[in-house]
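Down below is the structure, laid out as structure tokens.
So you know, we letter chains A, B, ... as the sequences are listed, proteins then strands, and number each from 1.
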Amino acid sequence: MTESATAHDQSPVPASIDASTMRQMYAKMHLIRTFEERAAEQYMRGNIGGFLHLAIGEEAAVVGAVAALRPTDPITSTYREHGQALARGSDPNAVMAELFGRTTGLCNGRGGSMHLMDREHAFYGGYGIVGGSIPLAVGLGFAINYRHEDGVVMVMFGDGATNQGVLSESMNMAKLWHLPVIFFCLNNQYGMGTSITRAASDTELFTRAQAFDMPSRRIDGMDVMAVYSAVNDAAEYARTAHEPSMIEALAYRYRGHSMSDPDNTRPEEEKARWRARDPLITFERVVLGDAIATPEELEQLRAANVTRIDEAVSFAEGSPQVPISALADNVYTHPWNTNPRGGAVMPGADQ
Amino acid sequence: MTESATAHDQSPVPASIDASTMRQMYAKMHLIRTFEERAAEQYMRGNIGGFLHLAIGEEAAVVGAVAALRPTDPITSTYREHGQALARGSDPNAVMAELFGRTTGLCNGRGGSMHLMDREHAFYGGYGIVGGSIPLAVGLGFAINYRHEDGVVMVMFGDGATNQGVLSESMNMAKLWHLPVIFFCLNNQYGMGTSITRAASDTELFTRAQAFDMPSRRIDGMDVMAVYSAVNDAAEYARTAHEPSMIEALAYRYRGHSMSDPDNTRPEEEKARWRARDPLITFERVVLGDAIATPEELEQLRAANVTRIDEAVSFAEGSPQVPISALADNVYTHPWNTNPRGGAVMPGADQ
Amino acid sequence: MEHQPARWSGHAGCRSVSTSTPTSVSYREALTQAMREELQRDANVFLMGEDIGLFEGSFKVTRGLLTEFGPTRIVDTPISEAGFVGLGIGAAMSGLRPVIELMTVNFSIVAMDQIVNNAAKVRYMFGGQVSVPMVIRMPGGAGHQLGAQHSHSLEAWFTHIPGLKVVCPSTPYDAKALLKTAIRDDDPVIFLESEGLYAKKGPVGGAEDLIPFGQGIIRREGTHCTIVAVSRMVWIALAAADILANEGISCEVIDPRTTRPLDLGMIATSVRRTNHCVVVDEGWPECGLAANVAAHVYEACFDWLDAPIGRVNAADVPMPYAHDLEQAALPRADDVAQAVRATLARRER
Amino acid sequence: MEHQPARWSGHAGCRSVSTSTPTSVSYREALTQAMREELQRDANVFLMGEDIGLFEGSFKVTRGLLTEFGPTRIVDTPISEAGFVGLGIGAAMSGLRPVIELMTVNFSIVAMDQIVNNAAKVRYMFGGQVSVPMVIRMPGGAGHQLGAQHSHSLEAWFTHIPGLKVVCPSTPYDAKALLKTAIRDDDPVIFLESEGLYAKKGPVGGAEDLIPFGQGIIRREGTHCTIVAVSRMVWIALAAADILANEGISCEVIDPRTTRPLDLGMIATSVRRTNHCVVVDEGWPECGLAANVAAHVYEACFDWLDAPIGRVNAADVPMPYAHDLEQAALPRADDVAQAVRATLARRER
Ligand SMILES: Cc1ncc(C[n+]2csc(CCOP(=O)(O)OP(=O)(O)O)c2C)c(N)n1
Ligand SMILES: Cc1ncc(C[n+]2csc(CCOP(=O)(O)OP(=O)(O)O)c2C)c(N)n1
Ligand SMILES: [Mg+2]
Ligand SMILES: [Mg+2]
């Protein structure tokens, strides 16, 4: 894995990561893996509808990035965002219940897998339109500067999203106005079935930032420590220099694009190569090798995660469906009529 | 004026320009200047409606670029495109008549100043939405490759347009698919009243191409020879290497953004500095200095241009208005009804 | 309002004109006043758009505001509508109150995904966790020979979208009061100004004179036919009413002021009295605003209508540049008068 | 068609079914056939879109075509809808015939400026110097719990725009024949497929069986009430007609097939016979397709209508994710049946 850096790269020294953080990162990675495998199972059983996009294989990138921020730093993501929510501390019950479309879900069953949000944990949502959330994140950064706060926003998007023009518009504004935004490109090398080599004229995506005079680097997205370190540096840079930066984390998703993708176009050899670098396995080796935890502790931790997700599934299954009477809730903050199907007409016309 | 070039720059050797080309370029530059000054006058008299955007000061960039292409190479432009049409050889009568909104206009009075097109001269139009014509040009390039032709497309856009995301989408596709497209950014340093320094995080706009691994360079857009030479090289590169490239031509417009802009926010000192480099005056010096033409010849040429534009104005004034019965012409190639106001309904419903 | 000054307070649901600035100001200046007052009132309000600061706005609606409030509150942007509309949504989600100017409504189309998929939906799809207290102001309409790409009236498109509110003021008073309401509203508001009205003068209200959304106003009372119109078309309708008055035809002109929500009650009450209706709409006819209002009125007034509702729309063509052609493409007072005559011709049947 | 096979040829204005492939194929496969045949027929036709080649399309509508025609004709794109729709327009202006797949209609919104300001307008605004012989195919509609951002039915928006043609096929036969017509058309065609219909089977026509735009078809004959619907809503309307038949209510179901141009003649002829009308529309109600058809029908049939036209639309809310909620938000057969009963209840008045 090469790590390239632009001339502007401000973060040559990796941050040291303490043992407790490492343990927590491992636990989160495993929690997310467990959650997603169970979600896949529940999807096959028909308990989850719509699209289900799994980030299995990408846990290091997700967890390392989120862990390096303060819990109050806003983040946004794509539709592939179970991990972001869980990494941020969202209750697995509420996440699973959202996938089940229940009232107890994070978004009361209105969003589903693609549209999780947990504002209490400063997770500003998963969005379904490729590239669509990027300027929103810049807006969250704008608000931080406007209020003279010291937060940092991280917007996570895929390699495919770099070909939506709104990314370049957003990067330009972020740099022009010195906004504390980390553009985190989780480059899993495919947009659905399309290899980045067939979609990007320059596959070194971090170079996209250079046109805006913005520091950027490519890192190994399969290595949670490398990700943590890079985001930590970028956050520090944003907080002190009040400038945006871009990180391209090279990773791989082990499953198809979504549950309905048979994943029969990516080369088997390629899949095998990346599976051999499974972030859970490689990080487990580090954790054990550095004596951060014993094998037994990890075993306990994993068992606890399984129990936790079992509970989440039971919770979701046992949660009430959304009542149809609530169909028009939250279209507006203060609705002007009580029509159960919404509607633009003021009440009183039918007299 | 600095001339920067990226590592990819394929065109270090300026092409030599023959005397007849130089004479023609001078003649076109002066024709355009004369046309636009007369257009301004006619606008003040109320003979021209809508917006009128003048490119006075930018003649070197326009004429040098167009002259370096073959007459069959497609070009597209923004709304500031009288010069492109005239440089391409459009009949000044038809251009002026279009501004007057007459049937004899280039677009039969439907387009006006912002929407000239002269397909016979492979001028594929001026467009009103900033950035909007860029992907069209890439499509013209796509068609050239599809048909195994050897044309080259030049899309001309402003500095402001670099902040429309569709530019980056277009550049990526052009490079990915090896399309013969020249991205010609006429950087007059302002988008309406906004200086590029307040709109672009990196004011070296040619760097935008680097993220797509596309050669790009900045040139002096006030020097018609430099522009000719750069576009000539880019065209050669496109025709032989089948690759796109980008040129940023640094220039200045002497008038406000459009006729309704009082132009009271740009520094007077700046305006004076650029006026001192008026491309007509500087190029006249070159033409005389290199003995390409005598002062008398130039005087004759200018007089002929004035006569030509006088004629264009008379022609436009004397041309018929568009009949109202033609309102719905050309909404569709084969309209399904003869309703004079168009309409989606098939005929025969009113029986 | 020139025609029915007495109705200002009565139907507006706002304070009486006696508390208002007595002088007559332009629609443009009314908007400036609204923004200035709201910027003063609430530090969370900021303006953003192309050339709104140093250049003071393409139509000079933000004149003086940069000087008064500085570049933190009055933000000039690059020409990146999708980007800065999205930015505004994000800022609004975190509690700021962006007032975004799109130079014209035509440029909203490049930002449409942000408006429709984010601004209008995030509150709903995230179960009410966030709101988007944002206003997008944009001049629109045609009549100045700006050609096909610069002459849109997109009321119908925006009105189609649940989650948005759509405001179309026709007078300086409404422009000011409705913009203030919009800025204080907790949801995304599409605020459609008419390029043709900026110079129009009239009285305006004071700092606390608001107009609630969904309350129309009777611009002129009449008995034979109800004409419904918003924004610049209100003036066309009033001109038609003048023409028709000479023929002994008395028109009631109703301006719903917001198309989402829509004050159908006021319109229906009128139509049940006049038994005839004409809707005037500067946009295209298919799936347009006039078709929508007509469908509602037919449903609410089926048993009262003596004749089909007249629809007066722009011609179903991209806007031509040539002056006479453009004028012919747009609804004119004569067209409206003719539509009223046509619907009344069916009175006897 | 299951309900009225005899009407296939009669009302379709296309060749009789006897010349057609006799086997039943899916709506998906019907579309593939249309593209394959047109790719074979005309070297200027090429396909372009995200994941349409190697991946064979998100909904597998382009299955096999990359293998057959190669990457020059079947072009996989980056996720740059504005970019490649614009590219298609440019290619079409120079005489190629791009058939662009947008993965779903939801992603047309980021390309909307290219569609509205370029595709629909260049011919007009340049005085007829160019045409845009391009098709934009896009699956749309809701019903699969895809949530607010992935469930649009934008028929109304596209129908609003002069310069576009808008096609909404409901059967495999129509899908194939209309797509072939679209590809051979010289103007930009918005071709709206329904995600919910891809698996639907039925007969299809042969290589030269086309259906002209603007010709509707009677899907079921009836005497009491005319139901108008396109695309997936046709099947909802037919299901409602089945329900109502048991109650002795006879419905005529009309599928106009294209919403621009609109076969108002066929609809009006029917309504003048049944004196009642219901319009079913998967999109939102305000400024929607149903409102538009209703406005036209009221105007054409004012003296024949015995009751207000029923409009059945999606609820006026962003689409919720939860299964039951989504179902409740969409028009269902029961809703249509109820609307028919409601309009017929006014028969005696
Ligand atoms: C604007 C837009 N176009 C197309 C889609 C359909 N789509 C959903 S995900 C996806 C691939 C995105 O790839 P990438 O950005 O790399 O993210 P990943 O799925 O790999 O995490 C596509 C094309 C979409 N949601 N939005
Ligand atoms: C998408 C869009 N946004 C805004 C406008 C309004 N507008 C017209 S020209 C212009 C400035 C463009 O500047 P630049 O690209 O540098 O071209 P120049 O006018 O300098 O030639 C603006 C903002 C527009 N036409 N299109
Ligand atoms: Mg990817
Ligand atoms: Mg400029």
Non-hydrogen atoms of chain A under 4.5 Å away: do they reach the side chain of [X], the backbone, both or neither?
X: C:V122; answer: side chain
X: C:E299; answer: neither
X: C:Q114; answer: side chain
X: C:F84; answer: both
X: C:M48; answer: side chain
X: C:V85; answer: neither
X: C:T159; answer: neither

Heavy-atom pairs under 4.5 Å with chain A: which of [options] has the most?
options: C:V110, C:T72, C:V130; value: C:V130
options: C:N118, C:D263, C:T258; value: C:N118
options: C:G128, C:A120, C:A92; value: C:G128
options: C:I89, C:I267, C:T259, C:L96; value: C:L96
options: C:H296, C:M125, C:K165; value: C:M125

Discussion item. I want to check something: taking the side chain as every heavy atom from C-beta on, are C:V293 and C:Y298 in contact at a cut-off of under 4.5 Å?
Written reply: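 Counting from C-beta outward, C:V293 and C:Y298 never come under 4.5 Å.
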Practice prompt. Under 4.5 Å heavy-atom distance to chain C, tell me which part of A:L176 shows up: side chain, backbone, both or neither.
Written response: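 Only the side chain of A:L176 comes within 4.5 Å of chain C.
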Worksheet entry | Residue A:N337 versus chain C: region with a heavy atom under 4.5 Å |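 For A:N337, neither part sits under 4.5 Å from chain C.
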Name the option with the most non-hydrogen atom pairs under 4.5 Å to chain C; the candidates are [options].
options: A:S170, A:G111, A:G125, A:G132; result: A:G132
options: A:I134, A:N108, A:V138, A:L140; result: A:L140
options: A:M117, A:R110, A:H115; result: A:M117
options: A:G126, A:S168, A:A326; result: A:G126
options: A:Y332, A:Y124, A:F142, A:Y127; result: A:Y332
options: A:R119, A:H334, A:E120; result: A:R119

Looking at [Y] and [X], is there a salt bridge between them, counting it only when a charged N and a carboxylate O are closer than 4.0 Å?
X: C:E68; Y: C:R73; value: no
X: C:D185; Y: C:K180; value: no
X: C:R123; Y: C:D186; value: no

Worksheet item: Sub-3.5 Å donor-acceptor pair from the side chain of C:N275 to the main-chain atoms of C:W304, do we have one?
Response: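 Side chain of C:N275 to backbone of C:W304: a pair is present.
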Worksheet item: Parallel, tilted or perpendicular for A:Y79 and A:H53, by the 30°/60° rule?
Response: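 Rings of A:Y79 and A:H53: tilted, 30 to 60°.
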Are the ring centres of [X] and [Y] closer than 6.0 Å?
X: A:F51; Y: A:Y43; answer: no
X: C:F46; Y: A:Y146; answer: yes
X: A:H82; Y: A:F35; answer: yes

Item to complete: Might you point out which heavy atoms bring C:T62 and C:I52 nearest each other, and give the distance in Å?
Response: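 Shortest heavy-atom separation between C:T62 and C:I52 comes out as OG1-O, 2.7 Å.
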Worksheet item: If you take all heavy atoms of A:C185 and A:L205, which pair is closest and at what distance?
Response: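 The answer is SG-CD1, 3.9 Å.
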Worksheet item: So which of C:H276, C:R219, C:R273 actually passes side-chain hydrogen bond (donor to acceptor under 3.5 Å, both in side chains) with C:E252?
Response: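 Considering C:H276, C:R219, C:R273, a side-chain hydrogen bond (donor to acceptor under 3.5 Å, both in side chains) with C:E252 is found only for C:R273.
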